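Worksheet: the structure to be examined is printed underneath.
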Amino acid sequence: LWLIGARGVKRMTFHPKTYNLRQLDDEGIEVRAIFRDQSGQLWIASKSGFIRIYNPNGSLKGYLNPQGEISKREVSFDAKGYCFHQDSEGTIWMGAKTKGLYQLKKKNENSYSIDVFTHNEADEYSLSSNDIYTIFEDSNQNVWLGCYGGGINLMQKEENGKVKFYHFHNDLSNYPAVGFQNVRIITEVDNGILLIGTTNGIISFSNTFKQPGEIVFYQNRHCAEDGMNLVGKDVMDIFTDSKGNTYVLTFTGGINKIKSTDLLTHCISYQSYTTRNILVSDLVLSMIEDETEQLWVIYENGLSKFDAQN
């Protein structure tokens with residue numbers, strides 16, 4: 001289990017009764033993204049603009065420089081990486097704060113070619129924003145970008161190699177731009193339903209469509225008839241466990257377990273878990289499941305095991 005804190009990254013190894021923490025780097029690293037590529041390498045991007053790459057055994061391989069080379073010397077990439085994704089072709093995509101989208105194609109074991117995509121006022125099919133916080137590829141191989149300040153973008157590569165981005169400024173015209181431009185997380189649940197976590201709640205939609213303009217977006221409102229509404233609206237993470245349960249984690253609102261079976265609606269029902277019942281804090285950031293199907297919750301200042309049944 002990899003732990004991301006305000007001052008570094010640690011690896012936790014689980015044994016029957018003990019927990020071992022291994023410090024990977026010096027204290028003081030404020031991490032923004034952590035990612036394991038298809039070869040087993042671990043990528044860690046910090047707020048200060050450094051990208052560290054570790055070998056599968058945990059040893060430091062080097063630092064990615066702006067030219068795409070992995071250097072043994074401590075050198076900044078000069079961009080704050082906030083998310084990573086590797087597609088089926090092996091291309092790595094990195095979303096950065098204020099710097100747009102980076103495409104990294106492997107040249108050899110120690111270097112990558114780099115292309116950068118940014119917002120361009122003269123090109124309506126460029127990115128809607130240069131602040132990219134999440135990248136997700138759905139079951140239909142659609143790649144979605146979540147921007148903090150620009151809503152979502154559907155990325156499409158054309159036959160001539162050009163990359164186009166669909167968003168509410170062009171063909172993704174049904175997206176509710178008012179109130180839902182700050183996106184932190186995009187994920188998929190059953191039956192091709194995608195959930196978008198924003199600072200103003202949840203949006204749901206289906207990934208079955210022919211044209212971007214056909215997509216219908218559902219804004220999750222506080223309107224469940226049974227009173228089981230989303231507690232908090234600032235969504236930090238959405239996680240589905242191995243049993244198919246989906247949890248929405250909100251900052252100051254704790255954990256919200258989705259109860260509804262129909263998610264293509266404005267009124268999704270939730271079971272909430274806060275400090276009023278079982279949580280040690282409502283300032284939740286993310287959730288993960290280990291190999292024994294135990295759920296772990298990461299708080300602003302801590303970590304705990306989550307068991308709603310006990």
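Here the structure is a predicted model, which means the values were calculated and not measured. Quick note: residue numbers are just sequence positions, from 1. For the numbers below, each heavy atom of this structure counts, side chains included, while hydrogens, waters and symmetry mates do not.
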With the 4.5 Å side-chain cut-off for hydrophobic clustering, are [X] and [Y] part of the same group?
| X | Y | result |
| --- | --- | --- |
| Tyr299 | Val231 | no |
| Ile215 | Tyr175 | yes |
| Val163 | Val143 | yes |
| Leu264 | Val216 | yes |
| Leu230 | Tyr247 | no |

Pairing donors with acceptors under 3.5 angstrom, does anything connect the side chains of [X] and [Y]?
| X | Y | answer |
| --- | --- | --- |
| Ser260 | Asp262 | no |
| Arg184 | Tyr133 | no |
| Asn207 | Ser139 | yes |
| Ser128 | Asn153 | yes |
| Asp37 | Gln41 | yes |
| Glu30 | Ser48 | no |
| Thr275 | Asp282 | yes |
| Thr292 | Asp290 | yes |
| His85 | Glu137 | yes |

Flag yes if more than 12 heavy atoms outside Lys97 fall under 6.0 Å of its NZ atom; otherwise flag no.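 No.
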Over 12 foreign heavy atoms within 6.0 Å of CG, Asn191: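 No, not enclosed.
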Can you tell me how the ring of Phe306 sits relative to the ring of Tyr273, calling it parallel under 30°, perpendicular over 60° and tilted otherwise?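 Because their plane-to-plane angle is over 60°, the rings of Phe306 and Tyr273 count as perpendicular.
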Any non-hydrogen side-chain atom of [X] less than 4.5 Å from a side-chain atom of [Y]?
| X | Y | result |
| --- | --- | --- |
| Asn182 | Asn200 | no |
| Ile202 | Ile238 | yes |
| Val116 | Leu101 | no |
| Thr252 | Leu283 | yes |

Evaluation steps, ring pair (Phe, Tyr, Trp, His ring centres under 6.0 Å), between Tyr125 and Tyr166: CA-CA 6 Å; Tyr125 289 99; Tyr166 296 98; 5.7 Å; yes
Tell me whether Glu109 is salt-bridged to Lys106, with the criterion being a basic N under 4.0 Å from an acidic carboxylate O.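 Answer for the salt bridge query: yes.
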Hey, are Glu89 and Lys105 close enough for a salt bridge, meaning a charged N less than 4.0 Å from a carboxylate O?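 No, no charged N to carboxylate O under 4.0 Å.
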Roughly how far, to the nearest 0.5 Å, is NZ of Lys157 from CG of Asp87?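 The distance works out to 5.0 Å.
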Walk me through whether Trp144 and Phe165 qualify under ring pair (Phe, Tyr, Trp, His ring centres under 6.0 Å). CA-CA 9 Å; Trp144 303 89; Phe165 301 93; over 10 Å; no
Does the ring of Tyr54 carry Arg52 above it, NZ/CZ under 6.0 angstrom from centre and within 45° of its axis?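 No - Arg52 does not lie over the ring of Tyr54 by the 6.0 Å and 45° rule.
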Option passing ring-ring contact (aromatic ring centres under 6.0 Å, His included) with Tyr102 (candidates Trp43, Trp93, Phe77):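 Among the candidates, only Phe77 passes.
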Quick one, Lys259 with Met228, criterion side-chain contact (heavy atoms from CB on, under 4.5 Å). Give me CA distance, side-chain angles, the key distance, then yes/no. CA-CA 9 Å; Lys259 304 293 290 184; Met228 301 176 73; 3.9 Å; yes
